[in-house]
Amino acid sequence: MQDNSVISANLTPLPDHVGVEGLEDKWTKKWAAEKTYAFDGNRPRGQVYSIDTPPPTVSGALHMGHVFSYTHTDIIARYKRMRGYDVFYPMGFDDNGLPTERRVQNYFGVRVDTSLKYDPNFKPPFHGTAGKKIEARDQVPCSRKNFIELCEQLAAEDEVKFRDLWTRLGLSVDWNHTYHTIGTFARKIAQKGFLHNLARGEAYQKEAPVLWDVTFQTAVAQAELEDRPYPGFYHKLAFHPTDGSKDILIDTTRPELLPACCALIVNPNDERFKHLIGKTVKTPLFGVEVPVLGHSAAQMDKGTGIVMCCTFGDRTDVQWWRELKLPLRMILTRNGRIDPTVPKWITSDKGREVYAKMATKTTFTARKIIVDELRKSGEMIGEPVKTMREAGFYEKGEKPLEILTSRQWYLSNGGTDMKLRSQLLERGKELNFHPDFMRVRYNNWVKGLNTDWLISRQRFFGVPFPLWYPVTEDGKTDFAHPITPSEDRLPIDPTTDVPAGYTEDQRNQPGGFTAEQDIMDTWATSSLTPQIVTHWGEKDGLAEHTFPMDLRPQGQDIIRTWLFSTIDRSELEFHVLPWKDTTLSGWILDPDHKKMSKSKGNVVVPTGPIDRYGADAVRYWAASARLGMDSTYDEGQMKIGRRLAIKILNATKFVLGIGREDENYHVTKAAHATWDPLNVTQPLDRAVLARLAHVVRDATNALDHFDHAKALNIIETNFWNFCDNYIELVKNRAYGTSTISHTNPTEIQVLSARTTLGIAMDCFLRLLAPYMPFVTDEAWGWMHAGQGSVHRAPWPKASFYSAAALKVPAEVLDQASQALAAVRKVKSEAKVSMKTPVAQIVFAGVKDALNQMRVAMSDVLQAGQIEGKVNFHELSIDDIRKRIVTSAVTAEKERQEREAEKQARKAKNKKPLPPEQAAKKAEAMKKRREEALAQARQKAEEEADQFGHGEGGTTIPILAEDTSLDD
RNA sequence: GGGCGAUUAGCGCAGCGGUUAGCGCACUUCGCUCACACCGAAGGGGUCGCUGGUUCGAUUCCAGCAUCGCCCACCA
């Protein structure tokens with residue numbers, strides 16, 4: 001349509017009154033029925049635009065943040081579709097991970113027990129517990145496979161809510177392409193990805209200290225770590241040098257780890273203490289001999305400057321333990337309690353006695369016990385001193401993380417392999433971040449990594465590692481020689497499936513095999529969403545058309561997890577960036593500028609605003625925020641969106657309604673209209689096309705840079721101008737009638753106006769379609785009935801409009817608008833109706849501006865109801881300057897008058913001053929007024945001097961003077 | 001402690017080395033004009049966070065500071 005020079009419309013009857021109610025239902029159904037957003041999949045990669053949609057957590061609450069960021073992506077999807085791309089816009093659902101595990105547990109009253117076999121007839125005890133918490137001991141155990149089935153069942157229910165929201169919001173997702181992160185295919189890809197990593201040596205297992213959550217009893221990765229303030233106490237403890245010299249004092253917040261102490265550390269540059277290096281001291285209470293060692297990580301200004309190293313109190317302890325080759329003295333078990341067995345390194349009776357009291361207690365209780373004992377023995381100096389410190393937490397946990405050693409699986413991520421790190425940093429440079437400054441977060445994260453990615457979790461729900469281990473003849477598990485399945489068996493569950501060459505009765509038997517019990521971190525699956533969604537390695541050939549992908553939209557909070565890990569996996573597997581662009585949306589803040597989150601209880605459920613303002617209006621609110629910028633939840637903005645939506649309908653109705661019954665002009669009572677740009681003959685009309693060319697060019701440019709907010713602003717501003725100025729200017733001409741005593745317009749003039757209105761409205765509908773899909777398609781339906789959806793219409797081309805403008809500058813429209821505004825101002829100030837005829841008017845302005853206005857004179861006269869004499873007063877630049885000064889001075893005088901009136905009114909209620917004082921005051925006031933006036937004049941003169949020195953291109957006001965109105 | 005954003009009218013936001021800093025809401029006044037009263041027109045309102053620097057000229061560039069938000073950091 002755009003490539004031809006003619007736009008042919010197919011008109012339908014118009015409603016008497018327009019409204020946005022009911023449009024969502026109507027168009028949602030229609031789009032679904034007509035497969036408006038279906039991905040074709042037969043086009044070459046270059047003609048496809050593929051989007052790696054973030055899968056929302058299905059168990060999570062729906063909130064405005066979802067609406068916000070998904071709208072941003074949808075705008076891009078719709079824009080690209082109109083640009084002619086075959087848009088691959090799938091939707092995923094994240095049902096892997098702890099939130100879902102907990103939700104399934106509570107909803108069905110079950111828990112996973114991997115020792116159980118799959119029971120095809122398993123029935124959970126509940127189906128919806130209505131929020132009642134089921135205690136762990138009341139949960140019925142089931143196999144992992146049963147649990148996953150329940151999860152899929154529940155996810156399907158949760159999914160309906162999301163799908164309903166997305167549909168109502170008008171997301172142009174192709175619902176034939178959906179996936180679940182715990183689904184069969186995702187599990188297959190996750191296991192396949194892992195096996196590839198394993199084969200290449202990128203995945204490996206290692207016995208090492210790990211961050212451990214005692215509540216969930218699992219290892220957690222660096223990426224899931226979160227620092228929070230946590231109250232604690234400094235305890236000053238006395239260690240006793242074996243050479244009998246005076247006690248060495250240390251500060252600690254973890255006195256309960258005293259039995260795990262393996263050294264004292266001082267900084268070798270610390271003049272106060274470096275002489276202590278090499279000594280041996282006995283620990284308080286336990287009397288274990290430990291060395292005093294030097295290490296630069298010991299901070300002189302913390303505590304006493306001497307620190308005790310335990311295995312393990314914090315991550316510095318791990319460093320010391322590793323670098324100084326200290327003995328491992330673990331006293332903490334996986335459940336966060338003190339090991340019940342008295343360690344062999346504690347040999348004194350006193351020590352063993354104290355330890356026995358602490359054994360099996362939580363760290364909290366153990367701390368109380370040990371502090372009591374220290375008080376008794378006098379080895380604690382003074383009382384504990386309260387402090388706030390930052391402690392590491394698992395982001396979903398409530399207790400500080402502990403550090404334990406255990407066997408875990410790791411995946412290379414540049415934390416230890418510096419070559420990989422530099423490659424990942426390189427990819428970070430290649431990827432286009434929108435906004436660009438988000439790249440810094442990626443770089444900081446990659447540069448800050450100090451371990452590989454710990455991908456194993458000691459949980460039950462998730463994607464299992466596709467691994468078994470041989471059990472030796474003497475019954476030991478041979479971790480060093482994992483058994484892997486062939487890829488065609490994936491996905492498997494090693495706790496129920498059997499490795500090739502073995503039988504089920506060899507499970508956990510000497511000479512048999514045993515399953516890897518651990519599951520993978522959820523990010524180990526999520527990091528493969530491009531592979532999942534584009535069907536990596538499948539025979540359907542989807543990947544060829546869609547991978548590497550074009551766009552990854554996501555939240556800024558998961559750059560270190562999702563974004564980074566996806567790049568990592570893609571780098572390891574394909575040595576390629578998984579997508580070209582990434583868009584990061586900001587947060588939604590509540591009206592008090594607090595981030596909206598469930599925990600704060602300030603979330604707004606999106607269905608409310610959609611009901612109240614309509615989906616288009618809610619989308620408008622989301623679209624007016626730029627990427628990466630936090631946005632205040634503002635229903636005012638939605639009201640404006642609603643206003644725009646209604647305006648679109650009304651303007652279209654007007655444009656299509658004109659001349660319906662008029663057979664003389666191509667828009668006829670027949671249902672067809674042909675808008676041929678060759679019929680746009682009047683300068684004002686051509687100026688509109690020139691303006692459209694600018695709008696299309698600028699909006700397109702902004703959208704190409706993912707700046708949807710800027711594009712919307714450009715389109716919207718111009719659309720309102722079009723309505724308020726152009727439509728008002730040509731209304732009468734378009735009707736073909738005259739309301740003032742001038743000649744009626746000629747057929748050619750009428751045709752020109754009607755054609756321009758049609759072309760412009762057609763253009764605005766296309767431009768607004770990505771933002772307001774419902775109203776634009778509604779209006780498009782009136783205009784192009786049976787010609788398909790606006791969402792499949794081509795995006796406008798600037799060249800089409802600029803060619804049709806035939807070199808008439810857009811300024812003609814601006815100057816005519818200014819003239820009309822000048823007339824309106826006169827009437828407004830006279831407080832009369834805009835219909836009031838003008839008996840006489842003089843337009844004043846610089847020559848160029850007047851000339852531009854004059855070419856549209858007849859429209860200005862019509863719109864302004866100017867019946868009488870019209871004159872032009874050509875002003876020089878100097879005149880304009882004088883006017884600036886004069887008007888500034890007048891304005892200041894008026895302001896002073898108003899001020900004086902106000903003072904006078906106030907004075908009435910006050911006691912009069914004695915005459916002398918009153919005179920003095922009057923004098924001072926007069927002086928002040930004169931000064932203000934002089935100042936205003938001077939400022940205006942300075943400003944006026946600047947006037948006219950600038951570059952051309954700006955519009956210079958046209959003023960109306962000597963105007964008289966008819967009564 | 002390091003880093004990244006933000007700070008412009010009562011509110012929500014644009015903008016930008018250069019004529020008079022814009023838009024919307026709200027506010028005031030006017031108008032039931034045949035697309036739209038879910039409307040239209042006109043108007044009032046800002047020392048562009050603070051302090052310096054560069055410049056003929058800074059809201060815009062630079063530095064420092066302040067406030068808010070976020071990210072990272074070994075949390076004795």
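Numbers restart at 1 for each chain; the letters A, B, ... are given by sequence-line order, proteins then strands.
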Would you tell me if any nitrogen or oxygen in the side chain of [X] comes within less than 4.0 Å of OP1 or OP2 on [N]?
{"X": "A:Arg642", "N": "B:C25", "result": "no"}
{"X": "A:Arg643", "N": "B:G40", "result": "yes"}
{"X": "A:Arg560", "N": "B:C72", "result": "yes"}

Looking at [Y], is its backbone amide N or carbonyl O close enough to the side chain of [X] to form a donor-acceptor pair, meaning the two atoms are under 3.5 Å apart?
{"X": "A:Asn713", "Y": "A:Ala709", "answer": "no"}
{"X": "A:Asn267", "Y": "A:Met300", "answer": "no"}
{"X": "A:His295", "Y": "A:Val266", "answer": "no"}

Between B:U7 and B:C16, how far apart are the P atoms? Round to whole Å, please. 13 Å
Which value, in whole Å, describes the distance between the P atoms of nucleotides B:A21 and B:A58? 14 Å
Nucleotide B:C36, atom P - distance to NE2 of A:His17 in whole Å: 8 Å
In whole Å, I'd like the distance from the NZ atom of A:Lys827 to the P atom of B:U33.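 After rounding, the gap between these two atoms is 14 Å.
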What's [X] touching, base or sugar-phosphate or nothing? Going by heavy atoms closer than 4.0 Å.
{"X": "A:Cys309", "answer": "nothing"}
{"X": "A:Asn713", "answer": "nothing"}
{"X": "A:Arg626", "answer": "sugar-phosphate"}
{"X": "A:Asp724", "answer": "sugar-phosphate"}

Looking only at the side chain of A:Lys825 (C-beta and beyond, no hydrogens), which of the listed nucleotides B:U33, B:G43, B:C38 gets closest? B:G43
For the residue pair A:Asp314 / A:Thr316, report whether a side-chain donor-acceptor contact shorter than 3.5 Å exists.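 Note: A:Thr316 and A:Asp314 side chains meet the donor-acceptor criterion.
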